[in-house]
Amino acid sequence: MKNLAIFASGTGTNAKKIIEYFHTNSHINVRLVVSNKKDAPVLGIAQENNIETLVINRQDFYETKQLLQELRQREIDWIILAGFLWLIPDYLVKAFDRKIINIHPALLPKYGGKGMYGMRVHEAVKAAHEHESGITIHYVNEHYDKGSIIFQEKCVLEPNDTSEDIAHKVQALEHQYFAPVIEKLLQS
Ligand code: GRF
């Protein structure tokens with residue numbers, strides 16, 4: 001059995017898809033949902049699905065290894081970032097070498113890096129008059145959006161697509177691909 005911890009800061013629509021996808025899987029188990037916001041909707045989604053939750057604070061996250069202990073106690077094998085906005089500290093990257101993955105709502109290396117999240121990404125894509133956008137699933141290292149790429153999928157953009165339209169197209173790809181890509185990666 002491979003145990004996953006999902007880290008998420010926000011709404012958690014991707015976390016929900018992943019939880020539902022692996023619900024009946026006998027090899028992959030979503031064991032824990034970690035959030036840096038105590039009122040994040042993703043925590044409610046976890047609780048509805050009887051998944052343990054953990055709320056972390058910035059000081060402990062960066063200055064102690066308490067979280068690492070929590071993850072080890074629960075025998076977590078993989079960390080899935082699904083809308084988690086804090087940079088992953090060195091000690092976690094080292095302890096989970098090539099076992100932390102993130103999804104980014106654009107075609108990296110474009111439109112990534114610090115501060116590039118949420119609608120900011122889609123607004124930048126729109127401002128650049130891109131003809132396509134998409135998703136990138138990648139390994140996580142100690143730099144924002146810089147780990148090696150595992151998977152990308154594109155969507156076509158029309159000239160009159162608004163940034164909201166782009167967000168919807170990209171989110172549809174996220175919901176379609178993230179969980180199956182995780183499954184394939186963990187099987188290989
Ligand atoms: C997604 O767009 C993902 O690409 C990014 O954060 C967002 C999370 O959305 N890393 P949600 O909370 O899963 O709806």
Side-chain angles (χ1 to χ4, degrees), residues 4-23 30 32-49 51 53-56 61 78-89 92-93 96 99-128 130 132-155 157 161-183 185:
L4 311 186
I6 299 176
F7 286 23
S9 306
T11 324
T13 65
N14 281 282
K16 186 169 192 282
K17 289 280 171 191
I18 295 167
I19 288 167
E20 287 167 357
Y21 188 88
F22 292 117
H23 191 63
V30 180
L32 181 69
V33 170
V34 175
S35 184
N36 57 312
K37 288 196 184 150
K38 64 177 188 320
D39 53 357
V42 70
L43 295 172
I45 293 168
Q47 281 149 13
E48 281 162 21
N49 287 278
I51 295 169
T53 59
L54 199 63
V55 176
I56 54 171
F61 187 58
W78 287 79
I79 297 174
I80 311 298
L81 308 185
F84 185 73
L85 296 181
W86 288 355
L87 191 66
I88 300 299
L92 264 187
V93 173
F96 285 83
K99 292 282 171 57
I100 310 179
I101 67 174
N102 180 45
I103 188 163
H104 186 77
L107 297 170
L108 291 174
K110 288 171 113 179
Y111 307 107
K114 190 168 164 45
M116 268 302 200
Y117 61 87
M119 286 308 293
R120 292 186 194 187
V121 175
H122 308 303
E123 278 155 13
V125 168
K126 171 77 189 159
E130 294 283 2
E132 59 184 21
S133 190
I135 58 168
T136 304
I137 297 171
H138 63 95
Y139 289 108
V140 171
N141 62 19
E142 46 287 281
H143 307 286
Y144 277 114
D145 303 326
K146 285 278 201 281
S148 55
I149 292 173
I150 299 164
F151 175 89
Q152 290 187 306
E153 183 66 33
K154 293 175 180 173
C155 55
L157 304 181
D161 276 346
T162 63
S163 44
E164 284 79 15
D165 295 330
I166 300 172
H168 285 128
K169 288 181 177 182
V170 170
Q171 191 185 51
L173 292 179
E174 294 184 334
H175 291 175
Q176 183 181 350
Y177 287 105
F178 200 10
V181 168
I182 294 168
E183 184 177 34
L185 189 67

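Whatever order the structure lists them in is the order used to number ligands and atoms, beginning at 1.
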If we only count N/O pairs under 3.5 Å, is [X] in contact with ligand 1?
{"X": "Gly12", "answer": "yes"}
{"X": "Ala82", "answer": "no"}
{"X": "Glu174", "answer": "yes"}

Problem - Thr13: numbered ligand 1 atoms lying under 4.0 Å from its heavy atoms - result: 11 (P), 12 (O), 13 (O), 14 (O)
Measure the distance from [atom] to every protein heavy atom, then report the residue, atom name and distance (to 0.1 Å) of the closest one.
{"atom": "atom 10 (N) of ligand 1", "result": "Ile103 O, 2.8 Å"}
{"atom": "atom 6 (O) of ligand 1", "result": "Gly83 CA, 3.2 Å"}
{"atom": "atom 9 (O) of ligand 1", "result": "Asn14 ND2, 3.7 Å"}

Handout entry: Expected output: side-chain His104 to main-chain His138 donor-acceptor under 3.5 Å
Key =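 No; judged by distance alone, with no hydrogens or angles, the pair does not exist.
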Exercise for the section: Please confirm whether the backbone N or O of Val33 pairs with a side-chain atom of Thr53, one donor and one acceptor, at under 3.5 Å? Expected result: no
Problem - Euclidean distance, Lys110 NZ relative to Leu108 CG, rounded to 0.5 Å - result: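 Going from CG on Leu108 over to NZ on Lys110, the span is 11.5 Å.
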Practice task
Could you tell me which residues satisfy ring-ring contact (aromatic ring centres under 6.0 Å, His included) with Phe61, sequence neighbours excluded, listed by chain and number?
Solution key: Phe84, Trp86
Handout entry: With Tyr139 via side-chain hydrogen bond (donor to acceptor under 3.5 Å, both in side chains) - residues at least two apart
Key = none
Problem - Ser133 side chain to His122 side chain, donor-acceptor N/O pair below 3.5 angstrom - result: no
